[in-house]
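See structure below.
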Amino acid sequence: MAGIQDVYALVEKGKAKLIAAAVQEALDAGCDPTEILNEGMIKAMDAVGEKFKNGEIFVPEMLVAARAMKKGVEVLKPHLATGAAGAAGKVIIGTVAGDLHDIGKNLVSMMLESAGFEVIDLGVDVPKEKFVEAYEANPDTKIVCCSALLTTTMPALRDAVALLNESSFRSNIKVMVGGAPITQAFADEIGADAYTEDAASCAKKAKELVA
C-alpha cells in the first residue's frame, strides 16, 4: 500500500507513470489529501530544488520531477478542499515578445504549481499588452512573471515591465522576472519587484512575495 513517503520518493525520482496510482493508493489508505500534497509532493520538489541549486542534478531531472508532481496533483485535485491546489494565489506567466523559449518558463510554471499557486500560462512570444489583458481578466492575480531567454529580447522584457508599472493595478501585484541573460541589476533597473536566477528559487521567492 502506497503512503506519503512513497509519493515523496516517486516525485523526487520523477516517476510520472507510477505517481497517479501511488497517490490513489495513499488516498484509499486514508491519508489526508492536503498532507499528500504538502508532505509528499511539495517537500519532494523542495528537495529536488535544493539538489538543483547544489549542482547535484540538472534541468532535465527537475523537469521530470515536476512532471511527476503534476500527474500526482491531477489525481489529488478533486479531493482537496476547494482552492487548496491554488491556495497560495494566482500567477500569470509568459515569455516576452520575440522570444520562443519555453523550457525555463514551463519549469517555473510547474514549480509554482507544485508550491500551491494557480498558474495562468500565456505561452511564448507574448506581447506586453497581453500581460495586462490577462490581469484584467484575472484581477485576483498576485504575481506577474515575465521571462526573457535572449539578450535580444531584454528590451521586450523592459517594455513589458514598464507597461505593468504604468498600469492602474500595479499596487495589487508583484512583478517577477528571470531568464538566462537577466540579472538582479537589470531587474532593479527596469523596476521589477523580484528576480530569480533559477526555477528552484522561483517558487520560494513567489511565496515570500505573497506572504
Nearest 0.5 Å please: distance from the CG atom of L122 over to the CD1 atom of I93. 9.0 Å
Whether the side chain of N54 engages the backbone of E56 through a donor-acceptor N/O pair (distance < 3.5 Å, no angle test) should be reported. no
Validation row: M176, T196 side chains within 4.5 angstrom (heavy atoms): yes
Derivation of the side-chain contact (heavy atoms from CB on, under 4.5 Å) call for D193 and R170: CA-CA 11 Å; D193 294 302; R170 181 62 176 92; 2.9 Å; yes
Before you tell me yes or no, could you show the steps for C145 and V91 under side-chain contact (heavy atoms from CB on, under 4.5 Å), namely the whole-Å CA-CA distance, both residues' side-chain angles and the distance that decides it to 0.1 Å? CA-CA 7 Å; C145 298; V91 177; 3.7 Å; yes
Going only through I, L, V, M, F, W and Y residues with side-chain contacts under 4.5 Å, is there a path from L18 to L27? yes
Using only atom types and a distance under 3.5 Å, with no angle test, would you say the side chain of E35 pairs donor to acceptor with the backbone of D32? no
ring-ring contact (aromatic ring centres under 6.0 Å, His included) between F169 and Y135: does it pass, once the steps are laid out? CA-CA 9 Å; F169 54 80; Y135 176 84; 3.9 Å; yes
With side chains defined as the heavy atoms from C-beta onward, is the minimum distance between K43 and N38 less than 4.5 Å? no
Can you measure from CZ (F52) to CG (L107) and round to the nearest 0.5 angstrom? 7.0 Å
Same cluster or not: are V75 and I42 linked, directly or through other Ile, Leu, Val, Met, Phe, Trp or Tyr residues, by side-chain heavy atoms under 4.5 angstrom apart? yes
Linked, directly or transitively: L100 and L149 (ILVMFWY side chains, under 4.5 Å): no
If every non-hydrogen atom of N165 is compared with every non-hydrogen atom of G191, which pair is closest and at what distance? ND2-O, 3.3 Å
All heavy atoms of T153 vs all of A97, minimum pair found to be CG2-O, 3.8 Å
Look only at the side chain of T183 and the backbone of F186, and say whether a donor-acceptor pair between them is shorter than 3.5 Å. yes
Within 6.0 Å of NZ in K204, more than 12 heavy atoms from elsewhere: no
Decide yes or no for E113 and V73: does some side-chain heavy atom of the first lie under 4.5 Å from some side-chain heavy atom of the second? no
K51 vs E12, side-chain contact (heavy atoms from CB on, under 4.5 Å): CA-CA, chis, key distance, verdict: CA-CA 10 Å; K51 283 184 181 174; E12 194 178 22; 3.3 Å; yes
Against D99, only a single residue in L150, V124, D125 fulfils side chain to side chain contact (heavy atoms under 4.5 Å, CB included); can you say which? L150
Determine, using the 4.5 Å side-chain heavy-atom cutoff (strictly less than), whether L209 and V144 are members of one ILVMFWY cluster. no
Is any side-chain heavy atom of V11 less than 4.5 Å from a side-chain heavy atom of M45? yes
Working to the nearest 0.5 angstrom, can you tell me the gap between L163 CG and K128 NZ? 6.0 Å
Name the one of V175, V161, D159 that satisfies side chain to side chain contact (heavy atoms under 4.5 Å, CB included) with I190? V161
Kindly indicate, with the supporting measurements, whether the criterion side-chain contact (heavy atoms from CB on, under 4.5 Å) is fulfilled by I19 and V23. CA-CA 6 Å; I19 189 77; V23 171; 4.1 Å; yes
If I compare all heavy atoms of P33 with all of L76, which pair ends up nearest, and what's the gap? O-CD2, 3.6 Å
Is V126 linked to L164 within one hydrophobic cluster, defined over Ile, Leu, Val, Met, Phe, Trp and Tyr using a side-chain heavy-atom separation of less than 4.5 Å? yes
Applying side chain to side chain contact (heavy atoms under 4.5 Å, CB included), name anything that partners V210, two or more places apart in sequence or on another chain. F117, K142, I143
If you apply the rule side-chain hydrogen bond (donor to acceptor under 3.5 Å, both in side chains), what do you find for D198 with S201, and how did you get there? CA-CA 6 Å; D198 56 49; S201 50; 2.9 Å; yes
Within this structure, what is the NZ-SG distance for the pair K105 and C202, rounded to the nearest 0.5 Å? 12.0 Å
In this structure, CE of M41 is separated from CG of D46 (nearest 0.5 Å) by 13.5 Å
Apply the side chain to side chain contact (heavy atoms under 4.5 Å, CB included) test between C146 and each candidate in I92, T95, V96; give the one that qualifies. V96
Salt bridge between E189 and R158, side-chain N to carboxylate O under 4.0 Å? yes
Looking only at heavy atoms, which two atoms of Y195 and A187 are closest? And how far apart? CB-CB, 3.6 Å
With rounding to the nearest 0.5 Å, note down the distance linking CE in M69 to CE in M111. 9.0 Å
